[in-house]
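This report refers to the structure that appears directly beneath it.
Keep in mind that this is a model prediction, so the values were computed, not measured.
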Amino acid sequence: MSGDAAPGEGGLRAALAAGRFAVTAEIGPPRGADPEALVRKAEFLRGWVDAANVTDNQGANVRMSSIAGSLLARRAGVEPVMQLTCRDRNRLALQSDLLAAGALGIPNVLLLTGDHPRFGDHPGAKPVFDLDGVQLVETARTLRDDGELMSGAALSARPDWLIGTVENPFAPPLGFRARRLAKKAAAGAEFVQTQYVYDFDVFERWLGGVRELGVLERCKVIAGVGPIRSLRALDHLRTAVPGVHIPGDVERRLRGVPADRVAEEGVRLCVEAVQRLAETPGVAGVHLMALGYEHGVPDILRRAGVGPRPPAATAPSDHPRHDLREDSGHAR
C-alpha cells in the first residue's frame with residue numbers, strides 16, 4: 001500500500017496501514033448547486049468515519065460532481081473518497097480528473113465502470129465506457145507510480161491518492177468474483193468496497209477465495225453494509241438492485257415485526273452485521289451505505305462498538321507532490 005501512515009494518525013490510509021478496523025460511508029451530492037446540502041450530510045459523519053465516498057452521478061442520475069463534493073466534504077472535516085466512473089468520460093477526461101484530484105489534495109479515489117445511462121434520469125445519453133474499471137485502476141496506478149499518461153508522456157508531478165475499487169461477491173457467476181478482484185488488485189487497487197453483505201455464507205466463501213489468491217496482502221477488503229429501514233426498501237433491494245441477495249432469515253425478521261418497528265429492526269440487523277464483520281478474519285473494515293439516513297450513522301456505529309474515529313487531517317493544506325523534473329528517475 002502506497003505511503004505508510006504514522007501510528008495514531010486518522011484517515012483511511014492510516015487505518016488500513018495500521019490494521020485498525022476502518023469505517024467508510026457515503027455522501028450523495030445534491031441535484032443542485034447548494035453546497036450546504038452536501039455539507040449538512042458530511043457534518044453527521046464527521047468524527048465517525050475514516051472517510052466518506054462522494055458518489056459520481058450515482059445510478060446514472062445527474063448530481064453535483066464528485067470533485068466538487070469531495071472538496072466540500074473535506075472543508076466540512078470529512079476525508080473524501082472521490083468516486084470516478086468510466087460511463088461519462090473518455091480516457092482524456094478520466095486522466096484529467098484524476099490529476100485534478102491529486103492537485104486538490106483529495107486523498108482517495110474509488111474507480112469503477114459505472115451504471116449504464118439507461119438506468120438513470122437521462123436514458124438517452126450516450127455512454128462512453130472508453131475504459132472499464134480494471135483499466136482505469138491500472139491507469140491511476142501508472143499516473144501515480146510511474147508518472148506517465150496512457151500516451152507515455154511524462155507528468156511534471158505525480159498524484160498521491162490511495163486507489164480503491166469495488167466488487168460484488170454475490171453477482172453470478174460466483175466463482176469468477178474472487179478472480180476478478182485479483183485482477184483489479186494486480187492492476188493497482190489497494191482497497192475494495194463490496195456490495196451490501198446480507199448473505200454471510202456467500203460472502204465468506206468469496207472471502208476465502210480472495211485469501212487463497214493472495215489478494216488480501218495487496219488489497220484490503222471493506223465490506224458493504226446498510227440498514228433496511230422499510231419493507232419498500234427491502235423489496236427494492238430484492239428486485240431492483242443487481243447482485244444483492246437477501247437471505248430468508250433476514251427477510252423473515254423484517255416482515256415479522258409490526259410496521260412501526262421495521263426501521264428499528266433494520267438498524268439492529270445492520271449493527272449485528274457490522275459486529276460480525278469486525279470479527280471476520282480478512283475484513284479490514286465496513287462501508288456503511290445509508291444514503292438519506294446519514295444522521296443515523298453515528299448511532300449504528302456507536303451501537304456496533306466501532307466509533308468514534310481518530311481525527312483525520314481534513315483541512316485544506318499544502319499537499320506534498322512528487323516533482324518529476326527533480327525526480328526524473330521515476331518517469332519511464
Side-chain angles (χ1 to χ4, degrees), residues 2 26 53-63 65-67 70 81-102 106 108-120 122-146 148-153 155 159 161-196 206 209-210 213-215 218-222 224 241-244 287 289:
S2 172
E26 285 200 359
N53 291 21
V54 180
T55 58
D56 181 18
N57 287 343
Q58 185 176 19
N61 295 298
V62 174
R63 296 289 188 272
S65 79
S66 55
I67 291 181
S70 293
V81 179
M82 189 188 87
Q83 290 192 2
L84 188 65
T85 71
C86 301
R87 174 190 57 238
D88 308 320
R89 306 165 179 86
N90 65 13
R91 64 192 64 192
L92 279 75
L94 288 166
Q95 291 175 97
S96 179
D97 283 351
L98 283 169
L99 293 177
I106 295 172
N108 316 287
V109 291
L110 188 85
L111 310 176
L112 56 163
T113 303
D115 299 316
H116 196 281
R118 67 174 174 268
F119 298 117
H122 288 69
K126 290 185 178 180
V128 181
F129 297 121
D130 186 21
L131 305 177
D132 64 20
V134 178
Q135 293 169 319
L136 183 55
V137 166
E138 185 172 13
T139 298
R141 184 206 59 76
T142 302
L143 290 172
R144 187 192 66 189
D145 296 347
D146 299 341
E148 288 184 355
L149 296 172
M150 292 182 71
S151 67
L155 301 180
W161 11 247
L162 195 67
I163 300 173
T165 187
V166 296
E167 189 52 76
N168 188 346
F170 312 98
L174 296 180
F176 174 66
R177 308 319 298 187
R179 294 197 299 274
R180 180 163 174 80
L181 179 58
K183 187 175 181 179
K184 293 178 179 180
E190 297 166 293
F191 71 94
V192 57
Q193 294 172 336
T194 77
Q195 181 59 278
Y196 290 106
W206 170 81
V210 169
L213 292 171
V215 174
R218 293 176 289 160
C219 184
K220 304 301 183 182
V221 173
I222 301 177
V241 182
V244 175
H287 178 56
M289 293 175 276

Sequence neighbours excluded, every pair satisfying side chain to side chain donor-acceptor pair (under 3.5 Å) that has a member inside residues 163-179: Glu167-Arg177
[Y] side chain reached by [X] side chain, heavy atoms, under 4.5 Å:
{"X": "Asn57", "Y": "Asp88", "value": "yes"}
{"X": "Thr142", "Y": "Met150", "value": "no"}
{"X": "Gln83", "Y": "Glu26", "value": "yes"}
{"X": "Arg63", "Y": "Thr55", "value": "no"}

message: What verdict does the side chain to side chain contact (heavy atoms under 4.5 Å, CB included) test give for Val192 and Lys184, after you've listed the backbone C-alpha separation in whole Å, the side-chain angles of each residue and the deciding distance to 0.1 Å?
response: CA-CA 9 Å; Val192 57; Lys184 293 178 179 180; over 6 Å; no
message: If I take atom CG from residue Leu111 and atom CD1 from residue Ile163, how far apart are they, to the nearest 0.5 angstrom?
response: 7.0 Å
task: Would you give the length of the straight line joining atom CG of Asn108 to atom CD of Glu190, rounded to the nearest 0.5 angstrom?
output: 9.5 Å
Heavy-atom pair with the smallest gap, counting every atom of [X] and [Y]:
{"X": "Thr113", "Y": "Thr85", "value": "O-CB, 3.8 Å"}
{"X": "Ile106", "Y": "Ile67", "value": "CD1-O, 4.3 Å"}
{"X": "Phe170", "Y": "Tyr196", "value": "CE1-O, 3.1 Å"}
{"X": "Met289", "Y": "Thr194", "value": "CE-O, 3.9 Å"}
{"X": "Pro159", "Y": "Leu99", "value": "CD-CD2, 4.2 Å"}
{"X": "Gly59", "Y": "Asp115", "value": "CA-OD2, 3.4 Å"}

- prompt: In this structure, which one of Leu98, Leu110, Val109 forms a side-chain contact (heavy atoms from CB on, under 4.5 Å) with Leu84?
  reply: Leu98
Show me the donor-acceptor pairs, under 3.5 Å and distance only, between side chains in residues 122-137 and residues at least two apart or in other chains.
unit_1 : atom_1 : unit_2 : atom_2 : d
Asp130 : OD1    : Arg91  : NH2    : 3.1
Asp130 : OD2    : Arg91  : N      : 2.9
Asp130 : OD2    : Arg91  : NE     : 2.8
Asp132 : OD1    : Val134 : N      : 3.1
Asp132 : OD1    : Gln135 : N      : 2.8
Gln135 : OE1    : Asp132 : N      : 2.9

- prompt: Under the side chain to side chain contact (heavy atoms under 4.5 Å, CB included) criterion, do Val54 and Met82 qualify, and how do the steps go?
  reply: CA-CA 5 Å; Val54 180; Met82 189 188 87; 5.8 Å; no
- prompt: Does the Asp97 side chain pair with the main chain of Ala100, one donor and one acceptor, at a distance under 3.5 Å?
  reply: no
message: side chain to side chain contact (heavy atoms under 4.5 Å, CB included) for Lys220 and Leu162? Distances and angles first, verdict last.
response: CA-CA 11 Å; Lys220 304 301 183 182; Leu162 195 67; over 6 Å; no
